**Q** 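Sharing a structure here in structure tokens format.
No experiment lies behind these values; they were computed from the predicted model shown.
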Amino acid sequence: MFKTKISKVLGVVLTAAMVLSMFAVATPVAAANQAWSKIALPGSGATGGYVVSDTDMRFYDVGILEWNADKTAVYATAVYEDANDTAVRVFKSTDAGRTWKMVFSNWDGSSTVLSSPYIFDVCASSVNANEVYFTDGSEIYTTKDGGVTWNKLSNVYIWAADNDWLNQPEGVIVTLDVGYAGANKYVFTGTATFGSTGVNGVYMCQETAFGMPWSDLSIATQGHDWTVTAIPACNVWDVVVDPTDFATKQGVIAVAEDNAGKTWITAKYFGNQWNQPATCKDAEVMQGNDTSISGVYHAELWLPSDFSSSLTSGKFQAWLALATFGNQGDVYLWYGNSTKTIDLNVSGLDTETEVSDIDGAGGVGTAKLIIGGYLNSIAYGPNTWYSADGLTFTKTSKAPTGDDSWYDEDVTVLALADFATSGKALAGTGGWDCGVSYTADFGKTWNTISMMRQAINEVANIAGNLFVVTYDYVEQSVWRLSGGVYERVFSTSMVDEDGDIDVAVSPAGDAVFVASLGGTQIWRSLDNGQTFTAQVSDITTAGGSTINSWFVSNANTLLVGGDNVVYQTSTNGVLWFARPCAVGIVTSFAVSTDGSVLVATGSLGKVSKSIDGGVTWSTPSAAAPTVSATSLVTFQNGSNSVVYLTGNSGDAFKYDFAATTPAWVQIDNAVTTGETFDSSSYADVDNGVGIFSGIASGGNVLYVLDGSWDNLIRITNVGTNYTAGIIAAPATAGTATKLIGIAAPGANMLYGIFDDELYVYTDKMAVPVANVQTSKVTTTGFTITWDALNVDNTAVTVEYYVVITDAATAVKVCYGLPTGTDTIEATTLKVTGLDEDTVYQISVWAVDPVMSFVGTASVATQPEKLTYNFNLMPTNGAINIPIKPVFAWDSVSTAVSYDLILSTDPTFADATKVLATKNLTTNYWAYDGTLTNSTSYYWKVRVNTANSTSEWFPAVFTTVKADAAPVEVNNPPAITLTVPQAETPAYIWLIVAVGAVLTVAVIVLIVRTRRVV
């Protein structure tokens, strides 16, 4: 049904909780990160594989579908034209009808190539995969190279005239078949006159003979009332050769209509005439098994895989699909040598069906059939039927789209290679919303997959895993991405409803909904979009008029926005209730991440919340500073109280329901320019058409799509600090219309709709720079390292910014490189020229292609290196040291502690050789064990200040020999050294050193004089 496309009403912006189930499978294309990447949608023309019509070149009828010999390619015919071009094309598919390549056209831009605008039949060779034939009614064309080149066979009409045939054919060629007998190849044709009977018959061309001679097989002279005023007259609607033993028996079977209004299945074998009881007598095709049939316009015989023309084999059997002008069509079962067929009544005893095609798989006893046709009733439209036993039939529950068309191949069907087990088949339809459709359940449900009458002029929305809404000029479609390919699962041509459609998926992923925006109807699918059922009632039962916006809470609970009211159902439309919500015309809903809180906003720029699933709504907030007729709202990811709002009047705002004094705060104009973000432009929103809050490890990140500038405003915040920047629109994109997001830790995925194109943006930079560390710390600097941000795209160069701040004074002492404010592409930076013994705070973040969050580290430079002798005791190189030594060193006034290590390993690397590790508050320590005589020991000490740690001061000593007299040593008093501030002459230090040595010597003499003898 033709519809007028109304102005689009902006629907709900799906929030994170609503779409967590989205895209569980791979996206259509590998998405580039930190840059928009186009997602391939069903395309038109040669480069798009002829999935949909072009905007000015439309499919009007899909005709015949035919396999080649080895079932590696499908050939199809279709009327594909614009206002000045009525053209019939032949297409070829090598992916079971998903995409096509045009291999023949009857239009060369200035004149027609074929004699008629239709192709009546296509026949593929049974032995050569590259050999195909078709006829336009008067000529027969053939390709021997898979459709690259085409040539004409000898013309039967010209041959008949040149050879003075007594009965020259008057009708059109409507059927073809090819038989092989050794090296000889024979092409058979049947001609017919539509609407009456004329001089017609079965004709044979020996293609391999010189001149391709034609023979009249004289079907109209055998046994029936064929003649009109002494001239043989009949119509031949189908002709097939014996598929199993033509080379031996030369069997030919035909469906023919005589002048007396009767239709027959007749055959000839071994070069004999038709209707020979010894080999196969004629059978009349009879409606209801008792009424003769006339007015045929199409016939199609299907022979089982084990067909045998032996009268005693039990397999001399075929099925006939018949379409007529007189409501006598159906599927008929034929047994060889019987006198009449059996009417199988596919639609029941009281309903006749015009059956235009039949195909299947299996033998006589295992045949599974798929048929296509139209009901002769008010519900006139394409239908299919399936039979698992060849005798009983089940009608489709979701038919292919299409409409009545001219009577050649109204509905054509093709069983795919594994049809018997998988139920996979194709159907071609004509008329309005025609196309090639696909079934994987033996014809129970069909989805259109290619050669569609509809074009894609606009993309409206996406949802679920993966459903896409597209617009044609007058019809809308819902597509499902399945197995890496698109199938159209819903079309407005299938329903009688005004308004533009929208799609949504329940958060649990167990239901798919389609709503008519501007209308009242909602449909639900519980099988991933394969079939949809309309709700039993709509919002009009609760006083509603049209669907302005809507929201899906679960498989049964939905909200619809009205004027200061929300219409709510928890029974999938069995009952609707009007819930007051004073925000104006409700234009958007959002749900908190945990699903506990809902909010609604509307034309007044206010927000109202519900904590009971939309049954009751709170008093709305004050209006946002910029009131928007079409407001969009989303929750801050992870929050039940903070919401963000934008709209077609521009700007982006934050509102916290839990604040002491809730108020709107504008956040889109907080821009950091220059090298500290990805754009120096003023990142404000002029026309918000989409809003989404993502996951950010270092804070929060908000995305707002601007419909005026078509760019994406990216707003990050930590605490109350908001920073906004710009992500430019795709270079080839049109007007931005919608933003849908998937929140994920470390990689928010954004889908942007720009006119008729769909793009994806993966933001992997909403995280802090990781593992910020320092090494090679000295008194005046250090080296900073950090992990590179992995954006999975070699074409992106990430640039970083580094700030170093004095922790005590909060003064920024270094920006970026020490020499300026440049960004850094490497992940290491050496910093010098800092103060000694000072704590610094390091902040590192990426600024290009977008800003990341900050990674931090704290580090202190070392104390100033001592320029005086540290007076280690035992001194470096000392000998004859007691095996119970005392360690001492100069006291440092700024020290808070000292670290000491004693080891037998000069490198101190072997932990098993470490004898002591001490952290001391005194500048001396007595070893609490006993060392080994005549052994070298290594020790070192360092100073810890409040800010940093000095270098190690190492020394080595050797213990006394075993036979030496023991020495008893008392702990010496603390030695306090005050570091002089001015330079002291060298001779003074010499005097001090000599004095210290004499003092130690005196102490030793005193100890020895007290030795007990």
Side-chain angles (χ1 to χ4, degrees), residues 115-116 120-121 123 133-142 152-181 184-194 196-242 246-247 249-260 262-276 279-282 296 299 301 309:
S115 59
S116 74
F120 288 87
D121 200 10
C123 172
Y133 301 79
F134 76 83
T135 179
D136 67 346
S138 61
E139 300 281 0
I140 299 175
Y141 294 77
T142 182
K152 292 181 183 179
L153 261 66
S154 146
N155 190 298
V156 63
Y157 298 100
I158 297 174
W159 185 276
D162 289 348
N163 289 275
D164 297 322
W165 284 9
L166 179 63
N167 301 312
Q168 297 183 21
E170 298 175 343
V172 296
I173 301 172
V174 296
T175 179
L176 294 172
D177 205 0
V178 179
Y180 297 84
N184 296 319
K185 180 166 47 179
Y186 301 91
V187 179
F188 296 86
T189 68
T191 64
T193 301
F194 288 92
S196 64
T197 54
V199 178
N200 295 296
V202 176
Y203 307 97
M204 181 185 71
C205 172
Q206 187 175 355
E207 186 179 357
T208 49
F210 179 76
M212 299 183 197
W214 284 94
S215 301
D216 182 356
L217 300 188
S218 303
I219 193 173
T221 62
Q222 307 298 315
H224 304 296
D225 187 8
W226 304 106
T227 60
V228 177
T229 61
I231 299 176
C234 71
N235 290 324
V236 177
W237 296 108
D238 195 24
V239 60
V240 296
V241 301
D242 188 317
F246 175 80
K249 298 181 179 180
Q250 295 87 54
V252 183
I253 307 168
V255 179
E257 180 184 5
D258 67 15
N259 190 51
K262 297 181 179 180
T263 300
W264 304 85
I265 297 179
T266 182
K268 67 188 305 293
Y269 278 87
F270 300 108
N272 296 321
Q273 296 299 328
W274 306 89
N275 191 26
Q276 298 294 312
T279 55
C280 183
K281 60 187 175 183
D282 290 357
V296 177
L301 282 166
S309 58

**Q** After noting the C-alpha distance and the side-chain angles of Val172 and Thr191, does the key distance pass the side chain to side chain contact (heavy atoms under 4.5 Å, CB included) rule?
**A** CA-CA 5 Å; Val172 296; Thr191 64; over 6 Å; no
**Q** Take Thr135 and Asp121, measure what side-chain hydrogen bond (donor to acceptor under 3.5 Å, both in side chains) needs, and give me the verdict at the end.
**A** CA-CA 6 Å; Thr135 179; Asp121 200 10; over 6 Å; no
**Q** Just checking, any donor-acceptor pair under 3.5 angstrom between side chains of Asn259 and Thr197?
**A** yes
**Q** Check Ala233 against Ala220 and note the closest heavy-atom contact, atom names and distance.
**A** N-CB, 4.3 Å
**Q** Looking only at heavy atoms, what is the nearest atom pair of Val236 and Ala254, with distance?
**A** CG1-CB, 4.3 Å
**Q** Calculate, to the nearest 0.5 Å, the distance between atoms OG and CZ belonging to Ser309 and Phe270 respectively.
**A** 6.5 Å
**Q** Could you tell me which residues satisfy salt bridge (Lys or Arg N to Asp or Glu O under 4.0 Å) with Lys262, sequence neighbours excluded, listed by chain and number?
**A** none
**Q** Please report the interatomic distance OG1(Thr142) to CZ(Phe134), rounded to the nearest 0.5 Å.
**A** 9.5 Å
**Q** Could you pull out the closest heavy-atom pair between Gly171 and Asn200, with the gap in Å?
**A** N-OD1, 2.9 Å
**Q** Does the side chain of Ile219 reach to within under 4.5 Å of the side chain of Cys234, using non-hydrogen atoms?
**A** yes
**Q** With rounding to the nearest 0.5 Å, note down the distance linking CG in Asn275 to NZ in Lys281.
**A** 9.0 Å
**Q** Does Ile140 reach the side chain of Leu176, with side-chain heavy atoms less than 4.5 Å apart?
**A** yes
**Q** Report the C-alpha separation of Trp237 and Val174 in whole Å, then their side-chain angles, then the decisive distance to 0.1 Å, and conclude whether the side chain to side chain contact (heavy atoms under 4.5 Å, CB included) test is met.
**A** CA-CA 6 Å; Trp237 296 108; Val174 296; 4.2 Å; yes
**Q** At their closest point, which heavy atom of Lys152 faces which heavy atom of Glu139, and how far apart are they?
**A** CD-OE1, 3.7 Å
**Q** Is any side-chain heavy atom of Tyr186 closer than 4.5 Å to one of Phe246?
**A** yes
**Q** Rounded to the nearest 0.5 Å, what separates atom CD1 in Ile158 from atom CD in Gln168?
**A** 11.5 Å
**Q** Heavy atoms, side chains only, cut-off 4.5 Å: are Val252 and Trp274 in contact?
**A** yes
**Q** Exactly one of Val240, Asp238, Val202 should register a side-chain contact (heavy atoms from CB on, under 4.5 Å) with Thr175. Which one does?
**A** Asp238
**Q** For residues Trp214 and Tyr157, establish whether the separation of their ring centroids is below 6.0 Å.
**A** no
**Q** Does a side chain donor of either Ser138 or Asn155 reach within less than 3.5 Å of an acceptor in the other side chain?
**A** no
**Q** Is there a donor-acceptor contact under 3.5 Å linking the side chains of Asp242 and Tyr269?
**A** yes
**Q** What do the steps show when you test Trp264 against Val255 for side chain to side chain contact (heavy atoms under 4.5 Å, CB included), and what is the final call?
**A** CA-CA 6 Å; Trp264 304 85; Val255 179; over 6 Å; no
**Q** Going from CE on Met204 to OG1 on Thr189, what distance comes out if it is rounded to the nearest 0.5 angstrom?
**A** 10.5 Å
**Q** Any side-chain to backbone donor/acceptor pair from Glu170 onto Val199? Under 3.5 Å, distance only.
**A** yes
**Q** Side-chain contact test, heavy atoms from C-beta onward, threshold under 4.5 Å: evaluate it for Ile253 versus Ile265 and give yes or no.
**A** yes
**Q** Does Asn163 reach the main-chain N or O of Trp159 with its side chain, forming a donor-acceptor pair under 3.5 Å?
**A** yes
**Q** Identify the heavy atoms of Val187 and Tyr133 that sit nearest to each other, and give their distance.
**A** CG2-CE2, 3.9 Å
**Q** Is it the case that the side chain of Asn235 and the backbone of Ser196 share a donor-acceptor pair, with hydrogens and angles ignored and the cut-off at 3.5 Å?
**A** yes
**Q** Can you tell me how far apart NE2 (His224) and CG (Asp282) are? Round to the nearest 0.5 Å.
**A** 3.5 Å
**Q** Using the side-chain hydrogen bond (donor to acceptor under 3.5 Å, both in side chains) rule, take Trp165 and Asp216 through it: C-alpha gap first, then chi angles, then the decisive distance, then the call.
**A** CA-CA 8 Å; Trp165 284 9; Asp216 182 356; over 6 Å; no
**Q** Is Val241 close to Phe188 at the side-chain level, that is, under 4.5 Å between some pair of heavy atoms?
**A** yes
**Q** For the backbone of Ala247 and the side chain of Gln250, can you confirm whether one donor and one acceptor N or O come within less than 3.5 Å of each other?
**A** yes
